[in-house]
Trainee: 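My structure is below; once you've seen it, I'll send some questions.
First the proteins, then the strands, lettered A, B, ... as listed; each starts at 1.
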Amino acid sequence: MPEVQIFKEYFDATSLDKEIVEVEVKSKEILQKITENYLKAKLKEEEFLSSQRHGKYLFASVSGKFLMVFHFGMTGSLKYFKAQKDEPPHDRLLINFRNGYQLAFNDQRKFGRVTIAYTIDEFLAEKRLGKDALEINFPDFKEAIGKKSGTVKSALMDQHVIAGIGNIYSDEILFQTRINPKKKIGEIENKALKEVHSNMRRILETAIKNHADLQSYPRNYLLYNRVRGAKCPNCGGKIAIVKVSGRTAYFCPNCQK
DNA sequence: AGTACCACCTGACGGC
DNA sequence: TGCCGTCAGGTGGTAC
């Protein structure tokens with residue numbers, strides 16, 4: 001989600017209030033529930049007025065009439081450019097503006113998706129997305145997560161519970177709260193859950209402040225050096241790697257009980 | 001109903 | 001040098 005917030009800021013700085021002349025779809029696979037012709041017709045001669053982020057989704061208002069929805073998967077990004085030499089290598093969608101610039105939806109692994117929606121609430125309801133991780137207050141957080149029965153890591157990553165936490169940020173939150181990623185939700189005390197909530201917000205805010213660039217995060221963050229054989233920034237012990245409901249979890253067995 | 005896990009896709013990387 | 005297997009990460013579908 002911090003990356004998506006950075007894309008939102010980039011989008012707002014580059015692509016608002018410019019007439020769209022044409023849309024090119026280079027990889028149809030990224031279109032979700034819409035056809036290429038539909039998207040082209042919808043965007044032609046319109047303009048982006050503003051954008052909003054919810055979890056990992058970015059919503060761009062198109063002339064106040066409807067929303068263009070972006071989901072970036074793992075490798076998606078945006079690039080605003082003019083010269084051909086600046087065209088990104090895996091652009092799946094290009095939006096051509098009247099001013100000669102283009103906005104590219106670049107996505108090497110094609111896990112990203114683009115679609116059209118009419119209201120954010122309707123879209124969130126259809127996807128059954130939880131509240132945004134930066135917006136949710138503790139009582140709502142507790143209630144949402146309390147309905148789960150699996151591991152704390154998979155609950156944090158479940159977009160229906162809270163929207164916005166991915167694999168690497170769930171690791172960071174649990175590392176800083178000193179909770180083992182395999183711990184069951186029911187075994188977490190209220191006080192620790194409160195810490196999870198406040199650490200979640202602080203970590204996401206810190207990540208955004210650092211432009212979602214892992215190498216500029218504080219040195220005591222697990223994410224600063226999330227690689228095989230890394231040492232724990234707390235105790236110097238070896239960081240372990242395990243699978244938790246199919247995802248790779250990095251954690252310190254000594255600090256996270 | 002809810003949880004676990006694989007497929008999707010591509011490039012990087014390690015091993016032989 | 002080069003080929004092959006493995007891995008990464010988010011989501012959606014499927015299996016349990």
Side-chain angles (χ1 to χ4, degrees), chain A residues 1-8 25-34 53-59 69-79 87-93 104-115 117 123-133 143-175 180-188 200 203-204 207 212-215 217 222-230 239-251:
Chain A
M1 177 253 263
E3 275 192 280
V4 181
Q5 180 65 25
I6 301 308
F7 296 147
K8 171 185 160 43
V25 177
K26 296 195 157 193
S27 300
K28 291 191 181 69
E29 308 95 283
I30 64 146
L31 299 181
Q32 189 168 54
K33 294 184 176 178
I34 55 172
R53 181 193 58 71
H54 185 102
K56 301 173 187 174
Y57 289 86
L58 178 62
F59 302 88
V69 187
F70 296 90
H71 188 277
F72 298 91
M74 324 166 8
T75 54
S77 64
L78 296 176
K79 185 161 183 190
E87 183 173 348
H90 306 287
D91 45 347
R92 309 302 180 187
L93 185 81
F105 180 76
N106 189 55
D107 184 14
Q108 178 197 113
R109 294 185 201 174
K110 299 186 191 173
F111 284 177
R113 292 292 178 263
V114 165
T115 192
F123 183 86
L124 299 183
E126 192 194 320
K127 295 269 181 194
R128 299 189 302 114
L129 290 179
K131 294 197 172 166
D132 184 83
E143 195 205 333
I145 218 160
K147 289 178 182 162
K148 302 288 287 184
S149 59
T151 64
V152 59
K153 179 174 169 68
S154 52
L156 282 175
M157 290 172 61
D158 186 339
Q159 304 299 299
H160 303 121
V161 175
I162 325 151
I165 310 291
N167 192 37
I168 67 173
Y169 287 96
S170 68
D171 279 357
E172 185 70 49
I173 293 163
L174 294 173
F175 173 71
N180 189 296
K182 287 198 174 178
K183 192 152 177 159
K184 295 280 194 292
I185 282 293
E187 296 167 0
I188 307 215
M200 170 179 79
I203 288 164
L204 293 173
D213 170 30
L214 306 188
Q215 289 310 301
Y217 289 179
L222 181 63
L223 287 182
Y224 174 69
N225 190 22
R226 191 180 183 275
V227 294
R228 286 198 120 67
I239 293 295
I241 302 175
V242 293
K243 291 279 179 192
V244 179
S245 53
R247 320 300 312 188
T248 307
Y250 285 61
F251 78 109

Trainee: Which nucleotide in the set B/dA4, C/dG12, B/dG11 lies at the smallest distance from any side-chain heavy atom of A/S245?
Mentor: B/dA4

Trainee: Does A/Q159 place a side-chain N or O at less than 4.0 Å from the phosphate oxygens OP1/OP2 of C/dG10?
Mentor: no

Trainee: Would you mind reading off the distance between A/K110 atom NZ and B/dC8 atom C1', rounded to a whole angstrom?
Mentor: 11 Å

Trainee: Could you check how far CG of A/L214 sits from C1' of C/dA8, rounded to whole Å?
Mentor: 13 Å

Trainee: Measure NE2/A/H71 against P/C/dG12 and give the value in whole Å, please.
Mentor: 7 Å

Trainee: Quickly work out the A/E3 CD to C/dG10 C1' distance and round it to whole Å.
Mentor: 12 Å

Trainee: A/R247 side chain to A/N167 main-chain N or O, any donor-acceptor pair under 3.5 Å?
Mentor: no

Trainee: With a 4.0 Å cut-off on heavy atoms, is A/E29 in touch with a base, just the backbone sugar-phosphate, or nothing at all?
Mentor: nothing

Trainee: Any chance you could measure A/L223, atom CG, to A/D213, atom CG, to the nearest 0.5 Å?
Mentor: 11.5 Å

Trainee: Rounded off to whole Å, could you give me the CG-to-C1' distance for the A/N167 and C/dA8 pair?
Mentor: 9 Å

Trainee: Taking NZ, NE, NH1 and NH2 as the nitrogens, is one of them in A/D91 or A/K79 under 4.0 Å from a carboxylate oxygen of the other?
Mentor: no

Trainee: What is the distance, to the nearest angstrom, from the NZ atom on A/K243 to the P atom on C/dT6?
Mentor: 12 Å

Trainee: Given the C1' atoms of B/dA12 and C/dT11, what is the spacing between them in whole Å?
Mentor: 23 Å

Trainee: When you compare the ring of A/F111 with the six-membered ring of B/dC8's base, are the centres less than 5.5 Å apart and the planes under 30° from each other?
Mentor: yes

Trainee: Can you check whether A/T248 has a side-chain N or O nearer than 4.0 Å to OP1 or OP2 of C/dA8?
Mentor: yes

Trainee: Using the P atom in both, what is the distance from B/dC9 to C/dT14, to the nearest Å?
Mentor: 16 Å

Trainee: Measure the distance from CZ on A/F7 to P on C/dG10 and round it to the nearest whole Å.
Mentor: 12 Å

Trainee: When the distance from NZ of A/K184 to P of B/dT3 is rounded to whole Å, what number comes out?
Mentor: 11 Å

Trainee: Look at all strands and tell whether A/R128 reaches a base, only sugar-phosphate, or nothing, counting heavy atoms closer than 4.0 Å.
Mentor: nothing

Trainee: Indicate, with a heavy-atom threshold strictly under 4.0 Å, whether A/K127 touches base, sugar-phosphate, or nothing.
Mentor: sugar-phosphate

Trainee: Any donor-acceptor pair under 3.5 Å between the side chain of A/R247 and the base of B/dT3?
Mentor: no

Trainee: For A/H160 and for A/T75, locate the closest nucleotide of DNA chain C by heavy-atom distance; then report the residue assigned to the nucleotide nearer the 5' terminus.
Mentor: A/T75

Trainee: Do A/F123 and A/Y57 have their ring centres less than 6.0 Å from each other?
Mentor: yes

Trainee: Mind checking the CD1-OH spacing from A/I203 to A/Y169? Nearest 0.5 Å is all I need.
Mentor: 9.5 Å

